[in-house]
Amino acid sequence: MTFSDHVLVWHKKNARRDLPWQQAVTPYRVWVSEVMLQQTQVATVTDYFERFMARFPTVRRLAAAELDEVLALWSGLGYYARARNLHKAAGIIHARYDDRFPDTFDAVHSLPGIGRSTAGAILALAFGQRHAILDGNVKRVLTRHHAIAGWPGETAVSNRLWAIAEAHTPHRRIAQYTQAMMDLGATVCTRTRPACPHCPLRESCLAHANGEQERFPTKRPKKTLPVRVTIFVMVMHQDKHGRFLLLEKRPATGIWGGLWSFPECAPEADLDAWCVERFGSAPNSVAHLPPFRHTFTHFHLDIRPVLVAWGETQRQEFPYIMISARETIWYPLDGETSMKGGAVSELPLLGLAAPVERLLGELSRMERRV
DNA sequence: AAAACGGGGCA
DNA sequence: TGCCCAGTTTT
């Protein structure tokens, strides 16, 4: 029995067939699920996937949607460039391929947000074409099976793994094999405490033979992350309609690109002076909320939230000067959208970065307790 | 606090 | 081609 034979036999008995994107398989559904799965676990993705498909059932509908709406549905999934790429690619498929998902590797691979592995997965799963994949799960299986040392982020290691992945890829039952490899990495050949007794490849696995499963894959070299500090200025406005927090839309690229967030003040700046410049006067009340750390791959972001208010006002419109190059909105704190984490689980109407959503949720819960 | 995850984009 | 960038969850 070959490598792929063992994997396929295992798949027959152990495959998951109940996942949403495994029903009514279309290239579009496979594409969206693969992009979501790039960064998130199956359990989280299923909810997002269902909501996404309900709103954008076809490529055409996605292409016709506003990016804002796509980002809103992506809110909390992270790596928002993927949502932007998904939307952009849908536009390309609409314009160039008449809404039909392309079925050649080069065409699929050249779409924004689709790299070599994702292209291979889509073509294998949706079209039954023979292509190798090399996602995190497969990397783990292969580095262990062949005891490949070295961080897979290194080009030399990656090239080796791709060659091995290609060599193992069978010529038949490609969709099953592709799914099986991902499932195997996700459920058996796990990062910690792999379930080797249940693994179809244990007899040929070099790492298993040496009891070195946890040595592979080699970890990314450590780097001490720089720390950046920012002040989230949470401008609160209260009137007879309730409480509102000022959000502004971030630039399309960079951190939390295109998402809505709080205005940010440099930590060394004087808050009152900043407010005067930005809003025309210093706030009447300033409350420092507990700071917290949000960690990205390349740096820590220490967030110091400050709640500022100018007191009650009768006016519907916020009366202060808002000097901003950005679009701003008043987020209703006491509306249904602020009930996340509570009994009502509404869709976020806006794309919000995780720390922003967290702060909004905390404030709305504080409000409801009072 | 560390680790994991796939791809884009730019020198 | 080699580097840096980007968010969140899990461990």
Side-chain angles (χ1 to χ4, degrees), chain A residues 31-48 71 74-89 92 108-122 131-144 150-159 161-162 165 181-182 185-187 189-194 214-228 230 250-261 292-303 340 348 351-358 361:
Chain A
W31 169 42
V32 172
S33 69
E34 283 302 318
V35 172
M36 286 184 172
L37 287 163
Q38 279 170 6
Q39 75 243 6
T40 316
Q41 302 219 326
V42 169
T44 310
V45 164
T46 51
D47 283 352
Y48 279 90
L71 284 170
W74 206 267
S75 192
L77 263 183
Y79 283 111
Y80 301 94
R82 297 179 198 285
R84 281 183 256 123
N85 284 332
L86 210 56
H87 183 247
K88 191 173 173 188
I92 294 171
V108 173
H109 184 48
S110 68
L111 291 169
I114 300 182
R116 182 176 175 183
S117 185
T118 303
I122 294 169
H131 297 282
I133 62 163
L134 190 62
D135 69 1
N137 289 317
V138 177
K139 282 177 190 166
R140 201 161 48 245
V141 172
L142 296 182
T143 52
R144 285 177 177 165
W151 179 50
E154 289 171 33
T155 307
V157 178
S158 177
N159 288 344
L161 290 171
W162 271 110
M181 286 298 285
M182 297 191 292
T187 65
C189 198
T190 49
R191 180 154 63 111
T192 55
R193 304 184 353 166
E214 307 232 354
R215 271 190 50 212
F216 302 97
T218 303
K219 290 168 189 156
R220 158 201 288 272
K222 281 180 201 174
K223 266 191 255 177
T224 54
L225 301 182
V227 178
R228 295 187 207 165
T230 190
R250 299 181 58 88
T253 56
I255 297 170
W256 301 322
L259 302 190
W260 295 86
S261 186
F292 60 95
R293 174 167 285 192
H294 189 82
T295 300
F296 297 95
T297 307
H298 290 82
F299 62 94
H300 298 294
L301 185 63
D302 281 345
I303 297 170
K340 284 179 275 300
L352 302 172
V356 175
E357 193 156 359
R358 164 182 158 171

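Per chain, numbering begins at 1; letters A, B, ... match sequence-line order. Side chains are part of it too, since the values below use all heavy atoms of this structure and drop only hydrogens, waters and symmetry mates.
Remark: P of B:dC5 and CD of A:Gln41 are 10 Å apart, rounded to the nearest angstrom. Summarising the geometry, the separation between CZ on A:Arg250 and C1' on C:dA6 is reported as 12 Å, rounded to the nearest angstrom. The nearest whole Å value for the distance from the CD1 atom in A:Ile255 to the P atom in B:dG8 is 20 Å. Atoms CG (A:Asn159) and C1' (C:dT1) sit 11 Å apart, rounded to a whole Å. A straight line from CD of A:Gln38 to P of B:dG8 spans 8 Å, rounded to a whole angstrom. Residue A:Trp151 contributes atom CH2, which lies 11 Å from atom C1' of B:dA4 at whole-angstrom precision. Distance A:Asn137 CG to B:dA4 P: 13 Å, rounded to the nearest Å. Between A:Tyr79 atom OH and C:dT9 atom P there is a gap of 12 Å when expressed in whole angstrom units.
A:Phe296 has its ring centre less than 6.0 Å from the ring centre of A:Trp256. Aromatic rings from A:Phe292 and A:His294 are positioned such that their centres are separated by 6.0 Å or more.
A:Leu37 comes within 4.0 angstrom of no nucleic acid atom, judged by non-hydrogen atoms across all strands. At the heavy-atom level, A:Arg140 lies under 4.0 Å from the strands shown only through sugar-phosphate atoms. Counting non-hydrogen atoms under 4.0 angstrom, A:Leu301 reaches nothing in the nucleic acid. Counting non-hydrogen atoms under 4.0 angstrom, A:Pro355 reaches the backbone sugars and phosphates but no base. Using a 4.0 Å heavy-atom criterion, one finds that A:Thr155 contacts the sugar-phosphate atoms exclusively.
Sorted by first and then second residue, the salt bridge (Lys or Arg N to Asp or Glu O under 4.0 Å) pairs involving residues 31-41 of chain A (not counting sequence neighbours) form an empty list.
If you find the closest nucleotide of DNA chain B to A:His300 and to A:Asp135, the one lying nearer the 5' end belongs to A:His300.
Qualifying ring-ring contact (aromatic ring centres under 6.0 Å, His included) partners for A:His109, counting only residues two or more places apart in sequence or in other chains: A:Phe105.
Checking C:dG7, B:dA4, B:dG8 against the side-chain heavy atoms of A:Asn85 singles out B:dG8 as nearest. Taking only side-chain atoms of A:Phe299, from C-beta outward, the nucleotide of C:dG7, C:dA6, B:dA4 with the closest atom is C:dA6. The side chain of A:Lys219 lies closest to B:dA3, out of B:dA3, C:dT11, B:dG7.
Applying the 4.0 Å criterion to OP1 and OP2 of B:dG7, one finds that A:Thr118 has a side-chain N or O inside that range.
Rounded to the nearest Å, the gap between the P atom of C:dT9 and that of B:dG8 is 23 Å.
Formation of a donor-acceptor pair under 3.5 Å by the A:Tyr48 side chain with backbone atoms of A:Ser75 is found in this model.
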